[in-house]
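What follows is a structure written as structure tokens; I'll ask about it next.
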Amino acid sequence: MSNTSNRFSVEKRPESYDKYEFTLPELYRKLAKEELREDDEIREQSLEQMREWIAKHPYIRKCRTDSSFLLRFLRFRKYSVPMACEALERYLAMRETFPQWFKNLDCNEPALRQMLEDGVFVRLGTDETGRMVIHFRFAQFNVEKFNAVQEGRFTALLIESLLEWEEMQIGGVRVVVDFRGSVMKHFGIWGVSDMKIFMDAVNRSYPLRLRQVHGVKFPKFAVPIVNLLLSFASSKLRDRIMCHESVESMAENFDASLLLKECGGHADPKSLEADFLKHAEERRDVILALDEMEIDARRYSSLWASRSTEEHEVEAGVAGSFRKLAVD
């Protein structure tokens, strides 16, 4: 990981920028070149162009300009500098527009801390192709205590923490969502506006390279709700979602070292949960410092303009494949 100095560019003087060094294993250098078109020359040129764009931007007041942060967006957009700049704009505007969801993501906040300790999330490591593997136990969300915004804030904290790993910026992430034991209330706390904000963040506003999403034992009673949720997702994301009727079916897609013991693998969730909590604590100041970034969000209000109920109803049909794949 890069150091945390000079994270905010106020005067935006080029001499204040950090000098990036590629320190990851050779697998990631190869992956970056083949999938993202990244090499030393393109990287330096693109970082310089993004910094110049930030310095001249009329609505961005403060922004991180360290290499690791900007590379999130360059890698996300495969080194198309205009698209990376657009993604950064959207990310900053999202945080300003919905601060109750995406700001003050403190791992010591009681609700976030409890979810971290409740076993909702496990980071399992990276597979042989360099992609990070993470696991959610959906039923572990305490729906008697926490609402949709708190669950969304928890997910935002996870994303910001995971993006501190350059391995994930380059290799992307494979997600397992285990729905065993979930009840209707786990899905019912999410309103339409909550779904729209959350899916926009995951799908369009965070520089997140989602490679695969594996759903396990998805309950039939929740199909209409998830159809609506997925109506806000891109076709590319929907194409990367796979539903499994059994844990055994899901497990066929992963090495045993990247499966929890409860899924027939070798990974001990308790030790991995403790490791990630330590990571979150170590990055706490960095993540809270994201709140120092500023953009004039009024210029971007149209990005989140509400759509009509009729549009929601039409779009809800796009994820119809869940109906035949869902299980009791």
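Numbers here simply count residues along the sequence, with the first being 1. The structure presented is a predicted model; accordingly, all values stated were derived computationally and were not measured. Side chains are part of it too, since the values below use all heavy atoms of this structure and drop only hydrogens, waters and symmetry mates.
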Can you see which heavy atom on L112 is nearest to which on Q150, and at what distance?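 For L112 and Q150, the tightest heavy-atom pair comes out as CD2-O, 4.1 Å.
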In terms of side-chain geometry, is the basic nitrogen of E167 or R123 positioned less than 4.0 Å from the acidic oxygen of its partner? no
Rounded distance [0.5 Å steps], CG in N147 versus CZ in F141: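 Here the interatomic distance stands at 11.5 Å.
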Derivation and outcome, side-chain contact (heavy atoms from CB on, under 4.5 Å), residues F218 and V223: CA-CA 8 Å; F218 186 77; V223 165; 3.8 Å; yes
Determine whether L74 and V81 satisfy the following criterion, side-chain contact (heavy atoms from CB on, under 4.5 Å), listing intermediate values before the conclusion. CA-CA 7 Å; L74 287 167; V81 174; 4.1 Å; yes
Which residues satisfy the ring pair (Phe, Tyr, Trp, His ring centres under 6.0 Å) test with H214, sequence neighbours excluded? H244, F254
Examine the side chains of Q212 and R240 and answer whether a donor and an acceptor come within less than 3.5 Å of each other. no
Would you say that D127 contacts R174 through its side chain, given a criterion of any heavy-atom pair below 4.5 Å between the two side chains? yes
Is there a side-chain contact between P207 and R75 (heavy atoms, below 4.5 Å)?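 No. Closest side-chain heavy atoms not under 4.5 Å.
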Step by step, would you call I189 with E151 a side-chain contact (heavy atoms from CB on, under 4.5 Å)? CA-CA 10 Å; I189 64 171; E151 289 186 6; 3.5 Å; yes
Between L31 and G171, the two heavy atoms sitting closest are CD2-CA, 3.6 Å
Would you check if the side chain of S301 reaches a backbone N or O of A297 as a donor-acceptor pair within less than 3.5 Å?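 No, S301 side chain to A297 backbone: no donor-acceptor pair under 3.5 Å.
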Just verifying a value: how many Å separate Q169 CD and L36 CG, rounded to the nearest 0.5 Å?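 Atom-to-atom, Q169:CD and L36:CG are 10.0 Å apart.
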Taking all heavy atoms of H186 and all of V143, pick out the closest pair and write down the distance. CD2-CG1, 3.4 Å
Does a side-chain N-to-carboxylate-O contact under 4.0 Å join E144 and K185?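 A salt bridge is present here (some side-chain N lies under 4.0 Å from a carboxylate O).
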With side chains defined as the heavy atoms from C-beta onward, is the minimum distance between M50 and E52 less than 4.5 Å?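 A side-chain contact is absent here, since even the closest heavy-atom pair is not under 4.5 Å.
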ILVMFWY cluster, L105 and L288 together (side-chain gap under 4.5 Å):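 They do not share one cluster, since no chain of ILVMFWY contacts under 4.5 Å joins L105 to L288.
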Which of these, E38, Q45, R37, sits in a side chain to side chain donor-acceptor pair (under 3.5 Å) with Y79? E38
Is a donor on one side and an acceptor on the other found under 3.5 Å between the side chain of D291 and the backbone of I287?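 Flag not set: sc D291 to bb I287 has no pair under 3.5 Å.
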List the atom of S161, the atom of F276, and the distance in Å for their closest heavy-atom pair.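 Scanning both residues completely, I find the closest heavy atoms to be CB-CZ, 3.7 Å.
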Which atom names give the shortest non-hydrogen contact between G119 and R137, and what distance separates them? O-NH1, 2.8 Å
Salt bridge (Lys or Arg N to Asp or Glu O under 4.0 Å) between R299 and D296: does it pass, once the steps are laid out? CA-CA 6 Å; R299 305 286 179 173; D296 186 353; 3.6 Å; yes
Pair L210-N203, side-chain contact (heavy atoms from CB on, under 4.5 Å): steps then yes or no: CA-CA 9 Å; L210 276 168; N203 194 42; over 6 Å; no
Is a donor from one side chain sitting under 3.5 angstrom from an acceptor on the other, for D255 and S257? yes
Kindly indicate, with the supporting measurements, whether the criterion ring-ring contact (aromatic ring centres under 6.0 Å, His included) is fulfilled by F198 and W101. CA-CA 9 Å; F198 179 78; W101 286 76; 7.0 Å; no
Is any side-chain heavy atom of Y91 less than 4.5 Å from a side-chain heavy atom of M293? yes
Within a strict 4.5 Å, meaning less than it, do heavy atoms of the R180 and E262 side chains meet?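 They are in side-chain contact.
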Would you mind reporting whether L88 and R72 have side-chain heavy atoms less than 4.5 Å apart? no
When hydrophobic residues are tied together by side-chain contacts of less than 4.5 Å, even through go-betweens, does Y59 share a cluster with F98?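 The answer is yes; both residues are in one hydrophobic cluster.
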Who are the salt bridge (Lys or Arg N to Asp or Glu O under 4.0 Å) partners of E96, not counting sequence neighbours? K103
Quick one: do K30 and E26 make a salt bridge, cutoff under 4.0 Å?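 The answer is no: the pair does not qualify as a salt bridge.
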Do you know which two heavy atoms are closest between Q140 and D118, and how far apart they sit? NE2-O, 2.9 Å
From S205 atom OG to M199 atom CE, the distance as rounded to the nearest 0.5 Å: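 If we round to the nearest 0.5 Å, S205:OG and M199:CE are 11.0 Å apart.
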Walk me through it: do F138 and F121 pass the test ring-ring contact (aromatic ring centres under 6.0 Å, His included)? CA-CA 9 Å; F138 196 68; F121 169 84; over 10 Å; no
Are R43 and D40 ion-paired here, with the side-chain N under 4.0 Å from a carboxylate O?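 A salt bridge links R43 with D40.
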Can you list everything that forms a ring pair (Phe, Tyr, Trp, His ring centres under 6.0 Å) with F146? Sequence neighbours excluded, please.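 Checked F146 against ring pair (Phe, Tyr, Trp, His ring centres under 6.0 Å); zero matches.
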Give, for atom CG of L228 and atom CZ of F187, the distance between the pair rounded to the nearest 0.5 Å.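 The distance works out to 13.5 Å.
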Determine yes or no for a side-chain-to-main-chain donor-acceptor pair under 3.5 angstrom, with N227 supplying the side chain and P224 the backbone. no
Are K270 and D268 within salt-bridge range, i.e. N to O under 4.0 Å?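 Here K270 does not pair with D268 in a salt bridge, since their nearest N and O are not under 4.0 Å apart.
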Taking NZ, NE, NH1 and NH2 as the nitrogens, is one of them in D39 or R29 under 4.0 Å from a carboxylate oxygen of the other?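 No.
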So, taking the atom named CE in M132 and the one named CG in L124, what distance separates them when rounded to the nearest 0.5 Å? 10.5 Å
Is L163 linked to F76 within one hydrophobic cluster, defined over Ile, Leu, Val, Met, Phe, Trp and Tyr using a side-chain heavy-atom separation of less than 4.5 Å? no
Is there a side-chain contact between L290 and F69 (heavy atoms, below 4.5 Å)? yes
Taking it one step at a time, do R51 and S67 satisfy side chain to side chain donor-acceptor pair (under 3.5 Å)? CA-CA 10 Å; R51 286 163 175 157; S67 298; 3.1 Å; yes
Does the side chain of V173 reach to within under 4.5 Å of the side chain of R209, using non-hydrogen atoms? no
Crowding at CD, E41 (>12 non-hydrogen neighbours, <6.0 Å): no
Separation of M250 CE from C263 SG (nearest 0.5 Å): 4.0 Å
Side-chain (R238) to main-chain (A233) donor-acceptor, under 3.5 angstrom: yes
Taking NZ, NE, NH1 and NH2 as the nitrogens, is one of them in K278 or E273 under 4.0 Å from a carboxylate oxygen of the other?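 Looking at E273 together with K278, the answer is no, because their closest N to O distance does not fall below 4.0 Å.
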Mind checking ring pair (Phe, Tyr, Trp, His ring centres under 6.0 Å) for Y300 and listing every partner two or more places apart, or none if nothing turns up? none
Would you say E164 and H279 are linked by a side-chain donor-acceptor pair, where the criterion is simply a distance under 3.5 Å? no
How would you list all residue pairs meeting salt bridge (charged side-chain N to carboxylate O under 4.0 Å, His left out) that involve residues 106-116, not counting sequence neighbours? D106-R284, E109-R153, R113-E117, R113-E281
Restricting to salt bridge (Lys or Arg N to Asp or Glu O under 4.0 Å), what partner residues turn up for E86, sequence neighbours left out? none
